[in-house]
Student: 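Questions regarding the structure given below will be posed in turn.
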Amino acid sequence: MSAASTAPTALITGITGQDGSYLADLLLGKGYVVHGVVRRTSSLDRSRLGHLYADPAIYGQRLFLHYADLDDPTPLRRLLAKIAPDEIYHLAGQSHVGLSFEIAESTCDLTAMGTLRLLEMIRDLPKPPRLFHASSSELFGQPAVAPQTEATPWVPVSPYGAAKAFATRMVTIYRQTYGLHACNGILFNHESPRRGENFVTRKICRAAASIKLGLQKKLSLGNLDALRDWGYAPDYVRGMWLTLQQAEADDYVFATGELHSVRDLAAQAFAAVDLDWEPYVEVNPAFFRPAEAANLVGDPSRARQRLGWTPSRTFGEIIAEMTQSEYAALAKSA
Ligand code: NAP
Ligand code: F7E
């Protein structure tokens, strides 16, 4: 029997995203065979997976991509029957909170109903795989207590948060009712050089580097007083894997426990390229949200105690790495 046929098999939905790409790196490094779900797009540019495509020992050998969409159950059902994964990491979704106010129906269809459809498919399998669901601190919305734990009541304030609340509850219901090994990771914000360009960390780090290089003059932002608990994405995908290695399925908060403002973030990013942020930043009401989550800071004690999970990077280190990465990329292409 070949090594590949005895290796554990994982399926990742959302493999082309920030977290999916880091998770693929992690699982391949642990010897898994990794299958990823991709949707049909007009461009084949899947840049976060470029290093894996380029490796002939990986792509087509231990990494396989399959077309499917979360609103089209038949291809997914067939895929699950064919590859019989040991573990599923369900990360696909419309992940932008601000945009969820503009495209509320599709956000909810994909995030809420897409998760339920997947649970229904898993429930019917002869040997149901373990399932990790990427839930979010947006569940908590405007919580009365801080920091938040797995037991804190949910008060979502965005369509995205409400859709994640539905999906998270369904995962728990299917665990309790059908005995599935299905877990929620309640993920607070996590960032990296692979973060999408319209999230505030990447937007600010990219602008700081661009302004330093003389390629951009100003940066327009929304609420500078907004506070978030920002961690490092590779730590959070390690948490996903650890979650599924436990004998008992359960839910875990992954967070740093530290709050920083968008203002702090701008100061750190501009300082990384020896600039003062204030002359370059302007506030644009277009980037304010109809409703803003507040007071979101997580208590990861359960993950620390049971999984041995701790964050590896400070906020300052993450922002410095992201800004330097943008500077190097922009300087190369300038
Ligand atoms: P991301 O970079 O936006 O990636 C989202 C992934 O979902 C991409 O691979 C995307 O494919 C895929 N996708 C979107 N719509 C799809 C569809 N209709 N069918 C199939 N795939 C689809 O998000 P991320 O930061 O990696 O986050 C991963 C998950 O964790 C998301 O569910 C997000 O909501 C959740 N989460 C993230 C954070 C965070 O701070 N990053 C915090 C809490 C929870 P394309 O590449 O084709 O767009
Ligand atoms: O906003 C404020 C904005 O879009 C962070 C997703 O991964 O984490 C992420 O959602 C804060 C908010 O992330 C701009 O109002 C100010 O208070 O980077 P963001 P998010 O909304 O926290 C959660 C946990 C997820 O689950 C999501 O998938 O920054 N802000 N000015 C701005 N935000 C953006 N995007 N752009 C601005 O110009």
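Read the numbers this way: they start at 1 and go in the same order the structure lists the ligands and their atoms. Residue numbers start at 1 and run along the sequence shown.
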Student: Would you mind checking if R263 and D225 are paired as a salt bridge, meaning a charged N to carboxylate O distance below 4.0 Å?
Tutor: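 Looking at R263 together with D225, the answer is yes, because their closest N to O distance falls below 4.0 Å.
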Student: Can you find a non-hydrogen atom of E138 under 4.0 Å from ligand 1?
Tutor: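 Outside the 4.0 Å threshold, so no.
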Student: Has R46 got any heavy atom lying under 4.0 angstrom from an atom of ligand 1?
Tutor: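 Not so, R46 does not reach ligand 1.
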Student: Among all protein heavy atoms, pick out the one at the shortest distance from atom 5 (C) of ligand 1; state its residue, atom name and that distance to 0.1 Å.
Tutor: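 In this structure, atom 5 (C) of ligand 1 has G93 O, 3.6 Å as its nearest protein heavy atom.
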Student: Kindly confirm or rule out an N or O of R195 lying under 3.5 angstrom from an N or O of ligand 1.
Tutor: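 Yes: some nitrogen or oxygen of R195 is under 3.5 Å from one in ligand 1.
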Student: Can you confirm whether I12 sits close enough to L27 that some side-chain heavy atom of one is under 4.5 Å from a side-chain heavy atom of the other?
Tutor: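 In short, these two side chains touch, coming nearer than 4.5 Å.
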Student: At a 4.0 Å threshold, what atoms of ligand 1 neighbour a non-hydrogen atom of S136?
Tutor: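 Those of ligand 1 that fall under 4.0 Å from S136 are 43 (C), 44 (C).
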Student: Within a distance under 4.0 Å of any heavy atom of N189, pick out the atoms of ligand 1 and give their elements.
Tutor: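 Near N189, meaning under 4.0 Å from one of its heavy atoms, ligand 1 has 40 (O).
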Student: Listed by chain and number, what are the side-chain contact (heavy atoms from CB on, under 4.5 Å) partners of Y280, not counting sequence neighbours?
Tutor: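 If we apply the side-chain contact (heavy atoms from CB on, under 4.5 Å) test to Y280, skipping adjacent residues, the hits are I211, F270, L275.
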Student: Suppose we measure from atom 11 (O) of ligand 1 to each protein heavy atom; which comes out shortest, and what is that distance?
Tutor: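 So the nearest neighbour among protein heavy atoms is T16 OG1, 3.3 Å.
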Student: Looking only at protein heavy atoms, identify the closest one to atom 30 (O) of ligand 1 and say how far it is in Å.
Tutor: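 Looking at atom 30 (O) of ligand 1, the protein heavy atom closest to it is A134 CB, 3.3 Å.
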Student: Of all the non-hydrogen atoms in the protein, which one sits nearest to atom 39 (C) of ligand 1, and at what distance?
Tutor: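 Answer for atom 39 (C) of ligand 1: H190 CE1, 3.2 Å.
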Student: Ignoring angles and geometry beyond distance, decide whether A68 reaches within less than 3.5 Å of ligand 1 through its nitrogen or oxygen atoms.
Tutor: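 In this structure, A68 places no N or O atom under 3.5 Å from an N or O of ligand 1.
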Student: Among all the protein's non-hydrogen atoms, which is closest to atom 27 (O) of ligand 1, and how far away is it?
Tutor: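 The answer is D19 OD2, 3.7 Å.
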Student: Sort out the contact shell of ligand 2: every protein residue with a heavy-atom distance below 4.0 Å, listed by chain and number.
Tutor: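 Close residues (ligand 2, cut-off 4.0 Å): S95, H96, V97, S136, S137, Y160, L187, N189, R195, N198, F199, V200, K203, L221, G222, N223, A226, R228, V262, F287, R289, E292.
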Student: Using a 4.0 Å cut-off to any heavy atom of D69, which atoms of ligand 1 qualify?
Tutor: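 Close to D69: 17 (C), 18 (N), 19 (N).
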Student: If I apply the N/O under 3.5 Å rule, does S95 come out as touching ligand 1?
Tutor: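 Looking only at distances, the answer is yes, because the N/O contact criterion of under 3.5 Å is met.
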Student: Which ligand 1 atoms does S135 reach within 4.0 Å, using its non-hydrogen atoms?
Tutor: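 Once the distances to S135 are compared, the set is 43 (C), 44 (C).
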Student: Has R306 got more than 12 heavy atoms of other residues, nucleotides or ligands less than 6.0 Å from its CZ?
Tutor: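 Yes, enclosed.
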Student: Under the side-chain contact (heavy atoms from CB on, under 4.5 Å) test against I15, which residue among V37, L63, L23, L52 passes?
Tutor: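 Of V37, L63, L23, L52, side-chain contact (heavy atoms from CB on, under 4.5 Å) with I15 is met by L63 alone.
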Student: Using distance alone, decide if ligand 1 has a nitrogen or oxygen within less than 3.5 Å of any nitrogen or oxygen in Q18.
Tutor: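 Yes; the residue has a nitrogen or oxygen that sits under 3.5 Å from a nitrogen or oxygen of the ligand.
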Student: Would you say ligand 1 has an N or O under 3.5 Å from any N or O of V37?
Tutor: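 N/O-N/O distance under 3.5 Å: no.
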Student: Is there a side-chain contact between V171 and H90, using heavy atoms and a 4.5 Å cut-off?
Tutor: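 No - every pair of side-chain heavy atoms lies 4.5 Å or more apart.
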Student: Would you mind running through ligand 1 and noting each atom that sits below 4.0 Å from a heavy atom of Y160?
Tutor: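 Listed by number with element, the hits are 33 (C), 34 (O), 35 (C), 36 (N), 44 (C).
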Student: Identify the closest protein heavy atom to atom 21 (N) of ligand 1: which residue and atom is it, and at what distance?
Tutor: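 Here the nearest protein heavy atom works out to A92 CB, 3.6 Å.
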Student: What protein heavy atom lies closest to atom 43 (C) of ligand 1? Include the residue and the distance to one decimal.
Tutor: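 I find the closest protein heavy atom is L187 O, 3.1 Å.
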Student: Provide, to 0.1 Å, the distance between atom 4 (O) of ligand 1 and the closest protein heavy atom, together with that atom's residue and name.
Tutor: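 Scanning the protein heavy atoms, the shortest distance from atom 4 (O) of ligand 1 goes to G17 CA, 3.4 Å.
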Student: Which ligand 1 atoms does L70 reach within 4.0 Å, using its non-hydrogen atoms?
Tutor: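 In order of number, 19 (N).
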Student: Compute the shortest N/O to N/O distance between R39 and ligand 1 and return yes if it is under 3.5 Å, no if not.
Tutor: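 Yes, R39 has an N/O under 3.5 Å of an N/O on ligand 1.
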